[in-house]
Every structure is written in structure tokens, then in C-alpha cells.
Amino acid sequence: MNNKILASIAIVFVGLAFLGVAFVVFLTRGKSAFWINKKIKIGASLLTLSSIVSGSTGCGVFQPTCYEPAIPPEQMCYDMPAPQPFEILIQEVENTESLKISGVKTGADGSFTYSFRKESDTISSGKLLIDTLGGFKIQINKKVEAGDYNLFVTDTESEYTLSVNVEVKE
């Protein structure tokens with residue numbers, strides 16, 4: 001016979017024995033240590049047999065459940081930009097006699113260069129001088145027309161692009 005069937009039959013007989021011993025414990029009003037000890041041992045064997053039956057239901061080896069797991073919902077993945085090792089924050093853009101851009105660089109240390117462009121035309125480029133607190137100033141010795149420009153700051157490994165809106169100030 002199958003182990004599952006044998007264990008099920010054993011559960012019936014052990015369950016009947018447990019009921020009989022539990023009735024004797026009731027009659028002795030729980031004062032007999034002998035019958036309480038027998039009730040605990042029979043109850044433990046009943047739990048062991050029931051775990052054997054529930055564990056051999058054909059779920060497969062080492063699987064805790066017998067149901068087919070639900071297919072997980074499709075997950076959407078977004079292309080997140082890679083974190084930059086440094087960031088640039090423009091604090092002031094002054095376009096009077098000449099263009100002056102000041103800001104703060106945070107993040108990685110190193111040697112940085114900049115390129116200030118409008119579309120594909122480079123207006124100014126050079127080494128970005130950064131003070132000990134991360135502040136920098138870019139001085140372009142000419143007044144530029146109003147519009148949107150790009151400031152590219154690069155180090156040896158990466159490039160940071162920033163959009164700069166320049167207004168004409170008198």
C-alpha cells in the first residue's frame with residue numbers, strides 16, 4: 001500500500017486512541033500524570049502522522065504547496081539615466097558688457113573643461129576653474145544674443161549637459 005494511505009489509516013486509529021485517553025483524563029479530572037503523559041505522546045504522534053499525510057500530497061519534491069503559482073504581472077522598465085559623478089547648478093547668468101556665468105559644482109573632484117554652445121556653434125570653451133567650495137565662474141568676453149544655450153562640462157570619464165537661458169541685460 002501507499003505510504004499516504006497507511007498514514008491516513010494510522011491517523012484514524014491514533015485519533016480514536018487520543019479520544020479514549022482524553023476521556024480518561026477527563027474522568028480523572030487531570031490529576032493522573034500517567035494519563036496526561038499518554039495523552040501528550042499520542043497527540044504528538046497524531047501531529048506527526050498528519051504532517052506526513054499533508055506533505056505527501058503529490059506537490060513535488062520540496063514544494064510547500066500543491067497549486068500552480070500565478071504568473072506575475074508584467075513589469076514596466078524605464079530607462080533611468082545613469083547617475084552622474086558630479087552635478088552643476090547655475091546660480092547666475094549676467095549678460096551685460098560680457099557674459100558671466102556663475103554656479104556650483106558638486107560631486108567628484110578632478111580636472112574639468114567646459115564648452116558653451118548654441119546648437120552646434122561653440123561660443124567659448126576652456127578649463128573650468130573651481131574653487132575649494134565648488135564655486136565656479138565662466139567669463140566670456142563678449143555679449144551674446146538672447147536664447148537657449150548648452151553648457152557642456154566634462155571630466156576624464158563623463159560629460160554633464162546643462163541648458164542655460166540667456167537674456168540680454170542693458
Side-chain angles (χ1 to χ4, degrees), residues 1-93 101-117 127-138 148-165:
M1 271 204 241
N2 190 354
N3 287 340
K4 182 176 158 183
I5 295 172
L6 287 175
S8 299
I9 293 171
I11 284 177
V12 172
F13 288 113
V14 173
L16 290 173
F18 181 79
L19 287 175
V21 172
F23 183 69
V24 173
V25 169
F26 175 74
L27 291 177
T28 61
R29 296 190 176 152
K31 301 216 187 250
S32 174
F34 174 79
W35 289 108
I36 291 176
N37 190 20
K38 292 290 180 197
K39 182 180 172 187
I40 290 173
K41 287 183 179 181
I42 293 173
S45 64
L46 187 63
L47 287 173
T48 303
L49 286 171
S50 64
S51 68
I52 290 171
V53 171
S54 68
S56 64
T57 57
C59 295
V61 180
F62 303 115
Q63 288 184 344
T65 58
C66 295
Y67 61 87
E68 292 292 324
I71 298 171
E74 227 176 277
Q75 296 179 354
M76 297 185 72
C77 297
Y78 297 100
D79 289 333
M80 298 296 289
Q84 295 290 330
F86 62 93
E87 289 187 42
I88 302 290
L89 174 65
I90 300 294
Q91 292 177 327
E92 185 179 359
V93 177
I101 301 172
S102 61
V104 176
K105 182 208 72 70
T106 58
D109 293 332
S111 178
F112 297 90
T113 59
Y114 76 91
S115 177
F116 189 71
R117 301 180 199 159
K127 186 172 181 177
L128 188 64
L129 300 175
I130 302 169
D131 63 22
T132 56
L133 298 176
F136 67 88
K137 288 184 181 175
I138 298 173
D148 290 327
Y149 294 83
N150 287 322
L151 177 64
F152 298 95
V153 178
T154 58
D155 67 358
T156 56
E157 297 176 3
S158 58
E159 180 175 75
Y160 193 85
T161 305
L162 196 62
S163 212
V164 179
N165 185 1

Could you grab the distance from atom [atom1] of [X] to atom [atom2] of [Y], nearest 0.5 Å is fine?
{"X": "Ser45", "Y": "Ile40", "atom1": "OG", "atom2": "CD1", "answer": "12.0 Å"}
{"X": "Leu151", "Y": "Ser163", "atom1": "CG", "atom2": "OG", "answer": "10.0 Å"}
{"X": "Leu129", "Y": "Lys137", "atom1": "CG", "atom2": "NZ", "answer": "12.0 Å"}

Do [X] and [Y] have side-chain heavy atoms sitting under 4.5 Å apart?
{"X": "Ile130", "Y": "Leu128", "value": "yes"}
{"X": "Phe116", "Y": "Ile101", "value": "yes"}
{"X": "Val104", "Y": "Gln91", "value": "yes"}
{"X": "Asn165", "Y": "Val93", "value": "no"}
{"X": "Val153", "Y": "Thr113", "value": "no"}

Would you please name every residue forming a side chain to side chain contact (heavy atoms under 4.5 Å, CB included) with [X], sequence neighbours left out?
{"X": "Ser32", "value": "Thr28, Phe34, Trp35"}
{"X": "Phe18", "value": "Lys39, Ile42"}
{"X": "Ser111", "value": "Lys127"}
{"X": "Phe152", "value": "Ser115, Arg117, Asn150, Glu159, Thr161"}

side-chain hydrogen bond (donor to acceptor under 3.5 Å, both in side chains) partners for Tyr114, two or more places apart: Ser124
Those residues that, when tested against Phe136, pass ring pair (Phe, Tyr, Trp, His ring centres under 6.0 Å) (two or more places apart): none
Using distance only, find each side-chain donor-acceptor pair of residues 7-16 under 3.5 Å and give its atom names and separation, not counting sequence neighbours.
from: Ser8; atom 1: OG; to: Lys4; atom 2: O; distance (Å): 2.9

